[in-house]
Structure formats: C-alpha cells, structure tokens
Number of protein chains: 2
Amino acid sequence: MDYRHQPAVTLAEVAQAAGVGESTVSRVLRNHGSFSRKTRDRVMEAVERLGYVPNRIAGTLASAGSRLVAFVIPSLSNIVFPDVLRGASAVLEANQHQAVFSVTDYDPEREEALVAAMLAWRPTAVMLAGFEHTQGTLKMLRASGCRVAELLDLDGTALDLAVGFSNRAAGRASAEFLLRRGYRRIGYVGHDLDRDTRAAKRHDGFCEALGAAGAALAGREIHAGPSSVEGGRLGLERLLARYPDLDAVYFSNDDMALGGYFHCLARGIPVPSALALFGHNGLDIGRVTPQPLSTIRTPRVATGQVAAELVVADAPPQAVDLGFELIEGATA
Amino acid sequence: MDYRHQPAVTLAEVAQAAGVGESTVSRVLRNHGSFSRKTRDRVMEAVERLGYVPNRIAGTLASAGSRLVAFVIPSLSNIVFPDVLRGASAVLEANQHQAVFSVTDYDPEREEALVAAMLAWRPTAVMLAGFEHTQGTLKMLRASGCRVAELLDLDGTALDLAVGFSNRAAGRASAEFLLRRGYRRIGYVGHDLDRDTRAAKRHDGFCEALGAAGAALAGREIHAGPSSVEGGRLGLERLLARYPDLDAVYFSNDDMALGGYFHCLARGIPVPSALALFGHNGLDIGRVTPQPLSTIRTPRVATGQVAAELVVADAPPQAVDLGFELIEGATA
DNA sequence: CTGAAAGCGCTAACAT
DNA sequence: ATGTTAGCGCTTTCAG
C-alpha cells in the first residue's frame, strides 16, 4: 500500500519551466558560478511555483561529500549522549551538515554492525564513544576514508580525531579530593563496568590514586545493567548493608550518586557527616538538590561542538583535551 | 586539506574481481533474483577481499525509498525527545532504516528551515512534535509525498499519522486528581508556554477542569526559558512568595516538579501536608526520590516505537492514542 | 542463471 | 552568461 505519493519535482522540470538549462538552475540554486540577475529571478520564480526541493541524494552522488555526520552512540538514556548530540547538532546545522545516529546499547558487536550500516551512507565523519571497538569496526573505519572522531575519552590510541577528557584522571582527581577531605573508608557503587569502559577507567583511576596514598577501596557494589538513579539507590543500600562503617562513597556517575543521595535522605543518614557522596558528570540537577552534589563536571556539550567543528573544518588528526572541573558541592 | 581519502571500492570493481556482471553482484548482495551457489561464493569472496561497502546514496537514487527517517525535534535537553528517539531507533534499526535528526529549539521558523533541509534527503517519513507548525512547513510536508508523523500530541488535526496522548486530557486528569484529594488553593509553575505548546495544552486542560468544578488557579508563575529543575525550584520559590497560602502546585513537567520538591526539602516545607506537588511525565527519577512524585506517566518510548512501526509498515493515516497513567505517588 | 544497458537527479567540466 | 554532456554507483528491465 502506498499512501501519499507524488513524484517529486526535479531540477530538469524547473529548468524547463524557467526556460533555461539544467546547469543554470544548479548554479543559481547553489549560488556558484555566474548568471544574470534576470535568469536568477526566472529560476527562483519557477522554483517557488513548482515547490522544488533539491534532491541531496542525487547531489551527493554527483559531487563530493555527503555532508552527513554519523553518530554511533551507546545510549540515549544516559543524558551524556544527548548532550553530545546537542552540542554537535548545533554546529552541524549551522554548517549545512546532517546528523545521523544509531544506538549500540553498549554492545561492541552491535556497534560494528551499525558502523557498517552508517558507512553505506558515505558520511563525512563517524563519531563514536571512546576507543574500545572490535577489530572489525577498526578495520572498516580505517578503510572507509572518512573522518573518525572518538569522543569522551582520552585514555587510549585514537584512530584520527579524539575529543573529550581523561576518565582516568577524573577518577584520580575524585579520589584525591576525598582523601584530602579526610575520608578513609571509601566505597564504590557502580554500574556494569564491562560495557561502560569509560566508567571502568574512572574506577581504575580512582583506585590508582587511593593506592598511591596507601589506601584502597573499602567496599564495592556493582549494580547490574546501565546506570540509573534507582541503581544508585539500591547499590548504596546493599553496599552499606555489607560495609556499615564507610565514611564516603564514589559513584560511577551522577545518576547513581543521586540515587545514593535519595537513599540517605530517605533513611535519615546525615550527608556528609555520616557518609560523604561523590558523583561524576556535573549534571544540572545535582546543582539544585537540597545539598549540591560533589562531583566532576564534564564537557559533554563542548565535546560534541568541538568534534563537529573539527570535522566541518576538516582539521588534521589530533586529540583535544577539554578537561573537567571538580565541583566541591556539599555532599563531600 | 584532505585527511584520509581512499576512493571507496565500487560494485563495478567487485564485479570485475569476481569475474561476473554488475547486476549479478547486485542480486547476490540483496539476495534477490536468482544466481548459482557458485557465483554467490565468488562474489562474496570478492566482497570480503576488497572490503566492499555498498553505497546507499547510489542505491537510493537508483531504486525507490531512502529508508531514512527524519526527526525534527524541539530539544535534546528535555529527556522526552531522547526517549522518543530511543523507542523509534530500536524499531528503525531492526528494519534497516536510518534515523536523521535536527533540533529546532522550539522555534517554528527554525523548524520550517530544518524540515526543508530534511526533505532534501527524500526521507521515508518526517517525524515532528505536535501539530503546531508554520504554513510553510505544512505546505512542504504535504507536497513532499513522504509520510508525516506528529508525535506526543492528539489535540489537533493531523496531517497523516499522529501518535501520542492528549495533553489536554492529561491536564484535566491532573486537576481532577488534586480536587479529589481535597486541594483547593492550587497554583501553577510552568516554563515558556508560547514555545512548548503541549505544555500549554496541559495547562489549559488543567484550568478547564478546575473551572468545571467551580474552582480556578489561585496563582501562577512562569519561568522564562525551557523547563529545568532549577526553573522549577525558582518558580516555586517565587510563587510561594506571592501566594503563601497555596495547598497544592501543578508543574509543567517532572523536571520542574523535582525542582519544586527540592525547594520544599531545603526549606523544610512538609510535602504534601503543607504543600502538595504534582508533575507530568513520570520520569524514573521521580520514582526514587524520598517521596515518589505524584505525576502522570506518558508513553514517550512507546510513541517513538509505534510511530516507527507505522512508518516502516507504511500503515494508513491514523491517530494512535497511547494514553497516559496517573501515578499517585506521595507528594499529593 | 547471467550480462548489457538504460536510467535515478544532479554536478562539473567543457563548449559556446 | 548559459547550454550540452558525461558521469556519480547502483538497481532494474530486458535479452540471452
């Protein structure tokens, strides 16, 4: 069944209607090459009258780049990725590029399949999260001839462009902050670390800094599945059941930390005097809770922006460290 | 400067390498038409060896549909839209379709420009938020010949497909619930209603139900700009400064309501005994706060899914009401 | 079962 | 300043 089907107006029809050649119409429309004021008006009039919409599929095939930028992201539930898309799409739209996306659910095999599908559109660039990809993905990307940007990670080897911050360093900074504050019995509540390799790097950096200070994680609780507020609440509840004497907890991100904070509020656990909480990402909501969350603000929107700018400008391969900022907050 | 540029392998090269005609390669690759087991193997071997990736730009031009689905959404900060995208992209990916998107920032003029840009890709369908569009947008869409889905709204006239729920009815249900609970001095805290027309419809439905019960809004505070937790906190603070005797507040959505809830927590205002709070959307986070938020759960992911399914199936024009569910919570 | 050839709608030389 | 023409890489008749 074919509902709504009108064969779209073509450039040839416009040319006909305006009484000029096809290339003239093309020139006028792209405002490229020369043509008289008068032809321009005739062409534009025909375009208006017929309601012509250029066909970029044909245009792309005939000329060079597709001006399509492909995002293959792990998730849309984790606000991190919508933030990146937001930053990128603003820049892309301003530069006549189009964003295309698919969601891997943190599955590398799925990522490989989706990258393959994306490459079929001959995008100008492919944007991925982090450096951990299958051999197949890497091979395709290298062979594709299109720009590749790996985002939100800096701990690893980039294929081409890398934009973000060091998760390892963020983990270290978090630990150092808690140690400096005098906390010693520190626990960790995280989500599925096998899949979210950036969260794993933060965890590792955190442990590394503890180790360097002669300390170690006093307890650890991993919530199966992706990060969520509920996961953080449950995770903290379970962690405290096993290790009641903790004085601080580091969470895999702010969603998890908020869950932990809500748990403390509900149970009447004084924060930070009885238990300090530390998150990661610096979400806006953490700034508005009764006690602002102690966390690290990450450059999510900026990561998307910068990556898009580099791609649009066809900049040389490089890694851009956008850094992060520790927010002291009131929960640690 | 052109970094990374290898002219991609073409179908012709594969044909050559496999010693067969182009059309044979095409048949094998799309598993359509007939060919011998032997040729199939030869072709696949060449495809593997050369690392051939079909060019869908060319494929689309030569055949029928683009299998591209365009989303023109107001925002990526409001979790509602990532949720819709998430639901849709799962279905689209499973059906070999690609999602393309742009962000309007709730600006109808911008929406028009972006729809025009999208149409240039000859998408199978265009998905928009709600029914309020410029005349230009409507005209283009009608002339485009592609499917149109208007999402998250049912109060208006659809162009083709409509999937979502009635915001007006949701607003009414919210008011009726609060009245049933015995609240009488009810205030409203919202965000920019001119731009978010769906929030405006909820507001109107809410007032309508109050009116039907012989009541009326006791006070109203509009936070300039998009909805946010901070906006809700500030909005409630200001509203209470002007109307200290309210016994309940209806918020334009859960983000705003959470801000209000945090304000109450911070100020020690007992909820709901001193002040009841009611939101809209049923976000997960509202289920985990010390007191679960009273709100209405909306079918965001399902809206994306159903819309995608209808488009993929090329279903007849129709409006699908996915309804909503009132969650009693503990804040009202 | 397979190949040749004609487009799809547009851009980019190349003429004029 | 403007028209003509040869592709871009693929799908799709249509022969064989």
Side-chain angles (χ1 to χ4, degrees), chain A residues 5-44 46-47 50-68 96 119-123 144-146, chain B residues 5-44 46-47 50-68 96 119-123 144-146:
Chain A
H5 257 315
Q6 300 141 61
V9 180
T10 70
L11 183 146
E13 302 178 66
V14 174
Q16 180 107 64
V20 300
E22 297 189 24
S23 49
T24 301
V25 176
S26 178
R27 283 189 209 99
V28 170
L29 255 26
R30 287 172 306 125
N31 193 30
H32 178 282
S34 50
F35 42 80
S36 71
R37 168 84 205 180
K38 231 174 97 181
T39 9
R40 198 196 75 94
D41 293 344
R42 278 239 300 288
V43 170
M44 293 315 277
V47 165
L50 302 181
Y52 172 67
V53 177
N55 182 335
R56 266 182 91 143
I57 300 274
T60 297
L61 185 59
S63 65
S66 64
R67 291 179 160 256
L68 232 33
Q96 290 79 246
L119 255 17
W121 289 102
R122 298 294 185 270
S144 72
C146 69
Chain B
H5 257 317
Q6 300 141 61
V9 180
T10 70
L11 184 145
E13 303 179 66
V14 173
Q16 179 107 65
V20 301
E22 295 188 27
S23 47
T24 302
V25 177
S26 178
R27 282 188 209 103
V28 170
L29 254 27
R30 285 172 307 123
N31 193 31
H32 179 282
S34 50
F35 41 82
S36 73
R37 168 87 205 178
K38 231 174 98 181
T39 13
R40 198 196 74 95
D41 292 343
R42 279 237 300 285
V43 168
M44 292 317 276
V47 165
L50 302 181
Y52 172 67
V53 177
N55 182 334
R56 268 180 90 145
I57 300 275
T60 298
L61 184 59
S63 65
S66 65
R67 290 178 162 258
L68 233 32
Q96 289 79 248
L119 255 16
W121 288 103
R122 297 295 186 268
S144 73
C146 69

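Reckoned from all heavy atoms, side chains included, excluding hydrogens, waters and symmetry mates. In what follows, chains are A, B, ... by sequence order, proteins preceding strands, each numbered from 1.
- Partners of Ala62(B) by side-chain contact (heavy atoms from CB on, under 4.5 Å), not counting sequence neighbours: none found.
- Whole-Å rounding puts the Glu22(A) CD to dA13(C) P distance at 17 Å.
- Qualifying side-chain hydrogen bond (donor to acceptor under 3.5 Å, both in side chains) partners for Ser23(B), counting only residues two or more places apart in sequence or in other chains: none.
- Put simply, the side chain of Thr60(A) does not reach to within 4.5 Å of the side chain of Arg67(A), judged on heavy atoms.
- Remark: Glu13(A) engages Thr10(A) in a side-chain hydrogen bond (donor to acceptor under 3.5 Å, both in side chains) (not counting sequence neighbours).
- Among residue pairs with one or both ends in residues 25-40 of chain B, those qualifying as salt bridge (Lys or Arg N to Asp or Glu O under 4.0 Å) are Arg37(B)-Asp41(B); sequence neighbours excluded.
- Residues that satisfy the side-chain hydrogen bond (donor to acceptor under 3.5 Å, both in side chains) test with Ser36(A), not counting sequence neighbours, are Thr39(A).
- Remark: the Ser23(B) side chain and the dG3(C) base include a donor-acceptor N/O pair separated by less than 3.5 Å.
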Which atom pairs, one a donor and one an acceptor, fall under 3.5 Å between side chains of residues 51-58 of chain B and the rest of the protein, sequence neighbours left out?
unit_1   : atom_1 : unit_2   : atom_2 : d
Asn55(B) : OD1    : Ile57(B) : N      : 2.8
Asn55(B) : OD1    : Ala58(B) : N      : 3.2
Arg56(B) : NH2    : Gln96(B) : O      : 3.3

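- Closest non-hydrogen pair, Ala18(A) versus Arg42(A), comes out as O-NE, 2.9 Å.
- Comparing Leu11(B) and Arg40(A) by the nucleotide of DNA chain D that holds the closest heavy atom to each, the one mapping nearer the 5' end is Arg40(A).
- Counting to the nearest Å, the P atom of dG9(C) and the CG atom of Leu119(B) are 15 Å from each other.
- One end of the helix from dC1(C)-dG16(D) to dT16(C)-dA1(D) points its axis 40° away from the other end's axis, with each axis taken from 5 pairs and the angle rounded to 10°.
- Within 4.0 Å (heavy atoms only), Thr39(B) reaches sugar-phosphate atoms of the nucleic acid but no base atom.
- Between Ser63(B) and Gly19(B), the residue anchored nearer the 5' end of DNA chain C, judged by the nucleotide with its closest heavy atom, is Gly19(B).
- Closest approach of Val14(B) to Val43(B), counting heavy atoms only: CG1-O, 4.3 Å.
- In this structure, Glu13(A) places its CD atom 13 Å from C1' of dC10(C), rounding to the nearest Å.
- Under the 4.5 Å side-chain criterion, counting only non-hydrogen atoms from C-beta, Met44(A) is in contact with Val28(A).
- Residues from residues 24-38 of chain B that place a heavy atom under 4.0 Å from any atom of DNA chain D, listed by number: Ser26(B), Arg30(B).
- Of all heavy-atom pairs between Ala17(B) and Leu50(B), the closest is CB-CD1, 3.9 Å.
- A nucleotide of DNA chain D counts as in contact with chain A when one of its atoms lies under 4.0 Å from a heavy atom; the first and last such, 5' to 3', are dA1(D) to dG9(D).
- Rounded to an integer number of Å, the gap from Gln16(B) CD to dA4(C) C1' is 15 Å.
- Whole-Å rounding puts the Leu61(B) CG to dC10(C) P distance at 9 Å.
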